[in-house]
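The figures here come from the full heavy-atom set of this structure, side chains too, leaving out hydrogens, waters and symmetry mates. Counting starts at 1 for both ligands and their atoms, following the listed order. Source: prediction; values computed, not measured.
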Amino acid sequence: MSDGSKPQARNEHRDDSQKRGDALNIDTSTRLCAVIGHPVSHSLSPLMHNAAYAAAGLNYVYLAFDVEDVGACLAGMRALPSFRGLSVTIPHKLAVMEHLDEIEPMAQHVGSVNTITNEGGRLVGATTDGPGTLRAFADAGVSLTGRRVLFLGAGGAVRAVAFAMAMEGACEGITILGRHPDKVRALVDDVAGKTGLVVGAGDLQDDLPYAMASHDIVVQGTPIGMHPHSDDTCVPGHLFRPDHVAFDMVYRPHRTRFIRDAETAGCRVVHGIDMLINQAVLQFEKWTGVPCPREAMRDAVTPVLSKAAP
Ligand code: NAP
């Protein structure tokens, strides 16, 4: 199918005998999705997407490609009608942009693309990291409306989520704390300038106590606490209030020190794995046009993450 529409043709769905647990049955109707990066061997995306295709009974397959020449890769994708979707990871999220036919507004603002959809030879770029995180908050029953959101860190993932919250989250204001004032200021000015939201800036150490006291939702967006440094945190436990919502982007381990301290203080928490899964859920739904069996993605990825970082 080359027109980018939903997979309605009989051959694009597998029958029950071909669902999860049975051998792959690749045929001329199979549609390809993939992740590109360099390196790409660490990616959990093939695991998540293939589990979801199997659970949904879709005639799709998802592969991983270690790619250096993104221009050649995207020319190949454009020429292959069955090549429906591409996830883009480090270091290609910016480099792919000049090769696309269209870029959705949020990805334009964020300045990076993690999702490419082949609409009958037209390559459309998007970002699902921010919208996926908004969905993770919605799944957890956390409303952003009227809330003040504090970001710890000023890197690429914070950038994606801050833009999503500023553009679609209806939050009251955002503050970003980091360790390099120039980087924080550049991000703050960009988000405020493009969205009109009130965005504050500060130092990750000096301004943390006041910022924790004056915000409702705390987003941990640095690698601090990542396996094997799972007892590290950038937030002393006593700074949490029971009415805080705490979200840690780190997903290895599942319960970071930041999350454990927040839970001890009685906070509601959102886990990094929920961002990981929901950015993939949005990709799945863009590429297939059907609801994603997200629990299949979770079931596929949870044992791998537990094994890697118990
Ligand atoms: P990034 O672009 O490299 O940004 C990292 C940020 O953390 C930067 O602001 C950096 O500060 C800061 N930082 C790093 N080490 C620090 C330290 N020791 N003390 C204080 N600040 C420190 O990385 P990213 O892509 O934004 O990823 C950030 C985290 O989110 C990573 O742990 C990543 O695994 C996780 N993540 C999770 C998901 C998910 O789906 N759950 C998705 C994307 C990322 P400087 O800029 O000043 O160096």
Side-chain angles (χ1 to χ4, degrees), residues 35 37 39-40 42-45 47-49 87-94 107 110-115 127-137 139-140 150-165 174-188 190-191 201-208 211 218-236 246-259 269-284 294 297-298 300-302 304-305 308-309:
V35 56
V40 79
H42 63 283
S43 177
L44 297 167
S45 295
L47 203 57
M48 290 193 289
H49 283 276
S87 308
V88 183
T89 190
I90 293 167
H92 299 320
K93 289 185 176 190
L94 272 72
V110 173
S112 73
V113 159
N114 80 330
T115 305
T127 178
T128 62
D129 283 331
T133 303
L134 296 191
R135 198 185 269 207
F137 275 88
D139 287 351
L150 175 63
F151 285 90
L152 311 178
V158 164
R159 182 178 178 82
V161 177
F163 267 106
M165 288 197 178
I174 283 176
T175 299
I176 299 172
L177 304 184
R179 60 180 175 178
H180 292 118
D182 293 350
K183 285 188 185 176
V184 175
R185 177 49 59 192
L187 177 55
V188 162
D190 204 21
V191 178
D203 180 80
L204 186 54
Q205 278 195 326
D206 296 347
D207 298 315
L208 184 65
V218 189
V219 177
Q220 201 302 107
T222 78
I224 297 171
M226 190 186 288
H227 177 76
H229 305 289
S230 45
D231 280 330
D232 290 357
T233 180
C234 56
V235 178
F247 165 50
D248 198 341
M249 291 188 184
V250 172
Y251 54 80
R252 281 185 168 120
H254 181 60
R255 291 177 72 246
T256 57
R257 168 84 183 274
F258 173 90
I259 289 290
V269 300
V270 181
H271 296 275
I273 193 174
D274 297 314
M275 175 181 180
L276 180 74
I277 290 170
N278 277 293
Q279 59 80 27
V281 164
L282 295 181
Q283 293 181 328
F284 177 103
R294 72 181 62 203
M297 284 192 172
R298 188 181 296 276
V301 86
T302 299
V304 177
L305 289 176

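Protein heavy atoms are found less than 4.0 angstrom from atom 15 (N) of ligand 1. The protein does not reach atom 23 (O) of ligand 1 closely, with no heavy atom under 4.0 angstrom from it.
Residue nearest to atom 18 (N) of ligand 1, selected from K93, R179, M275, M226: R179 (by heavy-atom distance).
Contacts of I224 with ligand 1, taken as heavy-atom pairs under 4.0 Å, involve the side chain alone.
Looking at H271, its side chain does come within 3.5 Å of a backbone N or O of H254 through a donor-acceptor pair. For the pair Q279 (side chain) and V281 (backbone), a donor-acceptor distance under 3.5 Å is absent.
Taking only nitrogen or oxygen atoms, main chain and side chain alike, A157 reaches within less than 3.5 Å of ligand 1. Residue K183 has at least one N or O atom closer than 3.5 Å to an N or O atom of ligand 1. For L204, no nitrogen or oxygen atom sits less than 3.5 Å from a nitrogen or oxygen atom of ligand 1, counting backbone and side chain alike. The N/O atoms of M249, backbone and side chain alike, include one that comes under 3.5 Å of an N/O atom in ligand 1.
With Q220 as the partner, the side-chain hydrogen bond (donor to acceptor under 3.5 Å, both in side chains) test is satisfied by one option alone out of D248, T256, T233: D248.
At a cut-off of 3.5 Å, with distance as the only test, no side-chain donor of N114 or S87 sits close to an acceptor on the other residue.
Residue contacts with ligand 1: A154 is included, with a non-hydrogen atom under 4.0 Å away.
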